[in-house]
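Not measured: the values here are computed from a predicted model.
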There are 2 protein chains.
Amino acid sequence: MTESVATKRKFDSLQQEAYLSLWRTYDRLRALEEKLFQTHGLTAQQYNVLRILNASSESMPTLAIASKLVSRAPDITRMLDKLETAGWIDRVRSPDDRRSVLIEITAAGRKKLKELEGPLAEMHEEQLGHVAAKDLRLLCDLLAKIRSPHEPEGTSW
Amino acid sequence: MTESVATKRKFDSLQQEAYLSLWRTYDRLRALEEKLFQTHGLTAQQYNVLRILNASSESMPTLAIASKLVSRAPDITRMLDKLETAGWIDRVRSPDDRRSVLIEITAAGRKKLKELEGPLAEMHEEQLGHVAAKDLRLLCDLLAKIRSPHEPEGTSW
DNA sequence: GCAATATAGTCGTCTGAACATCTATTGTCC
DNA sequence: GGACAATAGATGTTCAGACGACTATATTGC
């Protein structure tokens with residue numbers, strides 16, 4: 001009810017409403033995530049780098065990490081600089097291809113991830129605990145359908 | 001199928017998958033939006049300011065605009081600076097409350113909005129044209145449910 | 001009616017995102 | 001095998017986002 005009234009008043013089209021709703025919802029949930037990461041001294045993107053490295057059994061070249069990240073990262077180099085300074089990753093020039101730089105997570109990096117596990121689960125509960133699992137599943141499937149034509153070839157998304 | 005495999009492999013929980021899917025999808029659609037706005041010399045947030053002012057019949061105080069925006073805007077002042085420089089808005093000190101600054105859209109601002117109408121509709125079609133209306137409706141409702149506990153009191157969202 | 005407090009907006013400053021350009025190394029193809 | 005193109009990443013620069021401190025005005029409570 002209120003929805004459709006609001007729609008008529010505020011949006012030019014259903015597509016616009018969908019996009020702005022997506023943006024708004026992301027923004028609201030992001031605020032919670034950012035607050036958490038801030039207290040632990042890293043950013044969401046930095047956390048995702050560690051998560052990706054941890055999930056991979058081996059070290060990965062710089063740009064391979066960038067392509068797996070949630071959000072584009074043209075400044076991946078400087079992001080890794082910070083992670084390296086914090087001691088959470090190591091950089092090694094690949095012997096096979098001296099252009100590429102292999103990144104691996106350090107013990108300290110794994111420790112940091114471990115430390116974040118609990119708080120992160122709590123934060124996700126705060127973000128989405130009020131939503132039924134079947135709705136979340138539905139949401140994930142809808143979103144996958146929505147973004148599929150916009151994914152680059154051979155992406156892991 | 002592939003979904004649930006991916007889930008087991010890549011995410012720690014359904015909630016995390018939902019949040020990261022949301023982020024990823026937003027990021028993909030945003031890239032299209034940004035490209036469009038860039039060619040027209042404004043940002044998505046700036047466009048939304050104009051859209052809000054245009055929808056309102058009267059001028060609005062600065063912070064009222066900020067609270068209606070999709071994404072938080074602590075730097076609303078400087079955003080408005082740019083819109084003013086471009087000639088799309090006017091600022092007037094309120095005679096009733098000299099603390100507040102009333103913003104109104106100019107004729108040039110309305111013209112700019114008009115100019116963007118067509119390209120914007122095309123862009124939304126590219127973003128979401130492949131998704132059925134009922135799925136978009138479903139998405140909007142799901143998203144509203146998801147963000148509702150995270151909205152500030154008395155928000156227009 | 002005056003001190004204390006709240007509100008509206010501005011400004012300084014720092015960090016992160018975006019983009020173009022640059023260097024080093026590797027691959028290609030004649 | 002040497003010129004040329006492609007790839008991996010680093011770097012310079014510019015701009016938006018975030019946060020706190022600050023000024024001006026209004027409201028409240030005594």
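- At the heavy-atom level, Lys82(A) lies under 4.0 Å from the strands shown only through sugar-phosphate atoms.
- Using a 4.0 Å cut-off between charged side-chain N and carboxylate O, Arg91(A) and Glu104(A) make no salt bridge.
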Check against salt bridge (charged side-chain N to carboxylate O under 4.0 Å, His left out), Asp27(A) and Arg30(A): CA-CA 5 Å; Asp27(A) 184 74; Arg30(A) 184 181 56 123; 2.8 Å; yes
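- Proximity of Arg98(A) to the phosphate of dA24(C): no side-chain N or O atom is located under 4.0 Å from OP1 or OP2.
- In this structure, Arg137(A) pairs ionically with Asp141(A), as a charged nitrogen and a carboxylate oxygen lie closer than 4.0 Å.
- Put simply, the side chain of Thr85(A) gets close to the backbone of Asp81(A): a donor and an acceptor are under 3.5 Å apart.
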Sequence-aligned protein contact record of nucleotides 1-10 of chain C, with B where the base is within under 4.0 Å of a protein heavy atom and S where only the sugar-phosphate is: -----BBSSB
Audit row: Leu50(B), Ile89(B), side chain to side chain contact (heavy atoms under 4.5 Å, CB included) steps and yes/no: CA-CA 8 Å; Leu50(B) 293 182; Ile89(B) 63 163; 4.0 Å; yes
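- Here chain B contacts DNA chain D (any atom closer than 4.0 Å to a heavy atom, that is under 4.0 Å), and the contacts span dA16(D) to dA26(D) from 5' to 3'.
- Remark: Arg30(B) is in phosphate contact with dA18(C), judged by side-chain N or O atoms under 4.0 Å from OP1 or OP2.
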Side chain to side chain contact (heavy atoms under 4.5 Å, CB included) between Ile105(B) and Leu83(B), intermediate numbers included: CA-CA 9 Å; Ile105(B) 189 167; Leu83(B) 291 175; over 6 Å; no
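- If you measure from atom CD of Gln38(B) to atom P of dA18(C), you get 10 Å, rounded to the nearest angstrom.
- Asn54(A) and Arg51(A) share no side-chain donor-acceptor pair at under 3.5 Å.
- For the side chain to side chain donor-acceptor pair (under 3.5 Å) test with Gln15(A), the passing option among Gln127(B), Glu126(B), Glu125(B) is Glu125(B); the others fail.
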